[in-house]
Student: 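Can you read through this structure? Questions will come right after.
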Amino acid sequence: MASVKLTTSDDKEYTLDRELIFQSNLIKNMVTDLDVFDAPIPLPNVTSSTLDIVIKYLKIHKDDPPPPDKPIEKAVDDMIDEDKELMKLEFNIMADVILAANYLDIPGLLDIGCRTVAWHIKQCKDYHEIREKFNIPKELWRSEEEIAEMKKELNGILG
Amino acid sequence: MTVIPQKRKKGASVLKQSTYDHPFGIKPMGNSYFDSSNGIKECKSHGLSVFNVLPEQQLLELLIYLGPEAAAKLAQTSRAFYVYCYHDDLWRQFTIKRFNGDFEFIINWRNTFKSKYQKYIQDSPIKIQGFYSDLLYTAWRCVSVPLKDLCGVENDNIDRRSNMTLEAFIQEYMIPNKPVILTDVVQNWPAYKKWNFEYLLGTDFKFRAEAVDITFANYYKYMTQCKEEAPLYLFDKKCTFDEKMRNDFQIPDYFNQDLFSVLKEKRPDYRWLIVGPERSGSTFHIDPNSTNAWNAVIKGSKKWILYPPNHIPPGVYPSRDGSEVTSPVSLAEWFLNYYQDIQDDPIEQRPVEAVCKEGEILFVPNKWWHCVMNLEPGIALTQNFVGMENLESVLNFCKKKPEQVSGFCHGDLYEEFKKGLQQDMPQVWDKVKHLDQASAKETWNNLCMEKSFSFSF
């Protein structure tokens with residue numbers, strides 16, 4: 001089994017089975033297109049701690065059939081327990097994982113990352129709670145009328 | 001951290017509103033440097049908090065997962081989230097996912113969505129300062145830039161012919177596989193006088209527009225109001241077979257060969273009514289199964305750009321086997337990014353292009369790349385066909401690239417087509433059967449070639 005070498009942004013080198021890392025379309029295409037087997041592939045926007053999480057995901061899913069087309073608004077309950085466990089992360093780390101999944105082109109990981117973030121936002125009863133949960137600094141940017149307008153609008157959608 | 005509120009200008013403002021001013025005040029990235037030296041602080045990095053690391057495209061995809069309710073809540077947290085969560089494309093997806101074609105469009109998608117739940121009240125966009133995004137600004141540019149400036153309407157190098165004999169048409173255009181506009185066909189159709197928006201409003205069809213089934217009344221509300229980079233495009237096959245419309249046009253002799261007819265009810269889709277607002281259209285593609293096509297403009301006008309077979313248009317990246325075409329940009333953005341550039345290309349590399357006007361019909365030869373932009377609201381009819389001149393090309397395509405056959409769900413198109421020709425048109429089959437016999441070895445060689453291309457050993 002041939003392997004692929006990767007270097008993270010903090011300069012750690014990983015040697016991974018092709019079968020495992022080929023769940024990343026980026027790496028798969030790079031290796032098959034360019035025949036780069038020996039030189040380590042640099043991942044300038046993936047840290048080793050993020051890559052560790054990505055590798056955990058790849059190990060959970062190494063025997064999966066190819067993923068179907070991307071679903072929209074799927075419930076977090078559809079996720080398997082291992083994925084739910086894996087996604088118990090600080091939000092800043094979760095954002096890094098989504099970034100890495102996007103960069104490495106691993107659709108399944110991107111999907112569970114987005115679903116989990118969406119689930120957390122949906123749990124919040126209002127925007128104050130979202131701000132608190134995601135550490136979004138308070139901004140005063142709307143007039144009283146605009147606040148009232150947006151609130152009314154939201155209530156309309158919520159029914 | 002608290003950010004000082006920005007005063008919004010009310011009434012007659014000091015600055016003249018430029019055509020390119022984004023309603024939310026979004027500016028291209030380049031402006032951030034200039035603004036910051038004037039004391040305007042950018043609001044994206046703290047407003048998005050941990051999500052600021054994500055590329056914008058990825059952030060927008062994440063927001064789709066939220067659904068409308070959570071997106072509307074998130075919009076209230078910061079200026080940056082407000083701008084992304086109010087990006088109308090998001091609401092287009094929310095609306096279509098929840099209501100399919102059962103909506104009455106009002107101004108934009110978000111208002112349309114809202115109007116399903118509450119009495120419609122128009123809101124005014126909140127204009128913010130310090131937000132920079134090339135992605136969102138470009139999307140806005142593509143919506144607002146005048147099409148006449150964008151599409152080179154004066155560039156017109158396709159032959160226009162009238163009063164042609166069938167023989168001349170075949171010799172001069174069909175056999176050389178060359179585009180031409182015929183100016184004296186559509187005028188004779190009852191459809192030319194009859195089909196207009198009022199007429200379609202009187203029909204009771206459910207039309208197909210991409211993944212949406214919609215009445216014309218609802219589509220018309222949409223197409224007369226929408227301001228979108230890539231408007232929803234009505235492409236309906238069923239209505240052109242309905243007796244109400246079928247007798248309003250006659251397929252001209254030039255295009256009357258129809259060898260796929262031997263496939264009977266199994267034949268791939270081949271005729272569509274096309275309706276769309278200005279700025280709607282199709283990005284670069286090649287028509288399926290190596291078929292020829294004609295496109296008749298009944299109302300409106302269309303800008304066509306065509307590149308001959310094997311000349312891949314700039315900004316288009318087909319997969320190695322040709323099965324997939326990715327044009328990473330929308331039609332308007334293609335014109336914005338590439339069309340201006342190709343004006344400097346040497347003449348032999350320039351595309352074939354023209355504005356096809358009301359009453360004109362364009363012959364689109366097989367295997368040519370093409371894109372089409374509606375310059376005004378329009379109605380058109382199009383049909384794909386197989387004649388003697390492209391029969392070999394079609395057979396070769398179906399035999400050698402069965403995985404790329406499109407619109408056929410009854411097994412092997414090559415085998416079915418062959419069977420049909422043998423049964424119904426044996427004299428035609430006799431002329432091409434050498435392809436069938438000669439090709440066992442050739443097909444094998446081709447397969448080997450393709451293999452060695454797609455997997456590097």
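In what follows, chains are A, B, ... by sequence order, proteins preceding strands, each numbered from 1.
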Student: Would you find more than 12 non-hydrogen atoms of other residues, nucleotides or ligands less than 6.0 Å from Asp64(A) atom CG?
Tutor: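 Correct, the count exceeds 12.
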Student: Can you tell me which portion of Asp126(A) sits under 4.5 Å from chain B's heavy atoms? Options are side chain, backbone, both or neither.
Tutor: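 Answer is backbone: N, CA, C or O of Asp126(A) sit under 4.5 Å from chain B.
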Student: How many angstroms lie between CG in Leu74(B) and CD1 in Ile130(A), if you round to the nearest 0.5 Å?
Tutor: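 Result: 5.0 Å between the selected atoms.
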Student: Take a 6.0 Å sphere around CD of Glu90(A) and say whether it holds more than 12 heavy atoms from other residues, nucleotides or ligands.
Tutor: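 At most 12 heavy atoms, drawn from other residues, nucleotides or ligands, come within 6.0 Å of this atom.
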Student: Quick one, Glu139(A) with His46(B), criterion side-chain contact (heavy atoms from CB on, under 4.5 Å). Give me CA distance, side-chain angles, the key distance, then yes/no.
Tutor: CA-CA 10 Å; Glu139(A) 282 180 38; His46(B) 60 262; 3.6 Å; yes
Student: Salt-bridge test for Lys122(A) and Glu69(B): reply yes if a basic N is under 4.0 Å from a carboxylate O, no otherwise.
Tutor: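 No salt bridge links Lys122(A) with Glu69(B).
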Student: Nearest 0.5 Å please: distance from the CG atom of Leu59(B) over to the SG atom of Cys114(A).
Tutor: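 Rounded to the nearest 0.5 Å, the CG-SG separation comes out at 9.5 Å.
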Student: Using side-chain contact (heavy atoms from CB on, under 4.5 Å), reason through Met150(A) and Ile126(B) one step at a time and then give a plain yes or no.
Tutor: CA-CA 10 Å; Met150(A) 282 179 80; Ile126(B) 302 177; 3.9 Å; yes
Student: Return the CD to CD1 distance between Gln76(B) and Ile136(A), rounded to the nearest 0.5 Å.
Tutor: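 One gets 12.0 Å once the value is rounded to the nearest 0.5 Å.
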Student: Has Lys73(B) got a side-chain atom pairing as donor or acceptor with Cys124(A)'s backbone, closer than 3.5 angstrom?
Tutor: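 Yes.
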Student: Counting only non-hydrogen atoms closer than 4.5 Å, does Lys152(A) touch chain B with its backbone (N, CA, C, O), its side chain (CB onward), both, or neither?
Tutor: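 Lys152(A) touches chain B through backbone and side-chain heavy atoms alike.
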Student: Are any non-hydrogen side-chain atoms of Val117(A) and Tyr65(B) less than 4.5 angstrom apart?
Tutor: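 Heavy-atom side-chain distance check fails, nothing below 4.5 Å.
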Student: Relative to chain A, which segment of Gln58(B) carries a heavy atom at a distance below 4.5 Å: side chain, backbone, both, or neither?
Tutor: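 Interface part for Gln58(B): side chain.
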Student: Is the number of heavy atoms from other residues, nucleotides or ligands under 6.0 Å of Lys56(A) NZ greater than 12?
Tutor: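 No, not enclosed.
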Student: Look only at the side chain of Thr77(B) and the backbone of Tyr127(A), and say whether a donor-acceptor pair between them is shorter than 3.5 Å.
Tutor: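 No.
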Student: Roughly how far, to the nearest 0.5 Å, is the NZ atom of Lys133(A) from the OG atom of Ser49(B)?
Tutor: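 Reported value, rounded in 0.5 Å steps: 13.5 Å.
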Student: Find the distance between OG (Ser78(B)) and CZ (Arg131(A)) and round it off to the nearest 0.5 Å.
Tutor: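 Those atoms lie 7.5 Å apart.
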Student: Can you tell which part of Ala71(B) gets under 4.5 Å to a heavy atom of chain A, answering side chain, backbone, both or neither?
Tutor: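 The answer is neither part of Ala71(B).
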Student: Determine whether the aromatic ring centres of residues Tyr82(B) and Trp141(A) are separated by less than 6.0 angstrom.
Tutor: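 Yes: the rings meet the under 6.0 Å criterion.
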Student: Is the distance between the ring centroids of Phe134(A) and Phe51(B) under 6.0 Å?
Tutor: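 Close enough - the centres of the two rings lie under 6.0 Å apart.
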Student: Quick check on the structure: residues of residues 95-104 of chain A within a heavy-atom distance below 4.5 Å of chain B, by number.
Tutor: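 Counting heavy atoms that sit under 4.5 Å from chain B, the residues of residues 95-104 of chain A involved are Ala95(A), Asp96(A), Ile98(A), Leu99(A), Asn102(A).
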Student: Report the residues that fulfil side chain to side chain donor-acceptor pair (under 3.5 Å) with Glu149(A), sequence neighbours left out, ordered by chain and then residue number.
Tutor: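 Once residues adjacent in sequence are excluded, Glu149(A) has no partner under the side chain to side chain donor-acceptor pair (under 3.5 Å) criterion.
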Student: Let's test your reading of the structure: which of Ile93(A), Asn45(A), Asn135(A), Ile147(A) forms the most heavy-atom pairs below 4.5 Å with chain B?
Tutor: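 Top count of heavy-atom pairs under 4.5 Å with chain B: Asn135(A).
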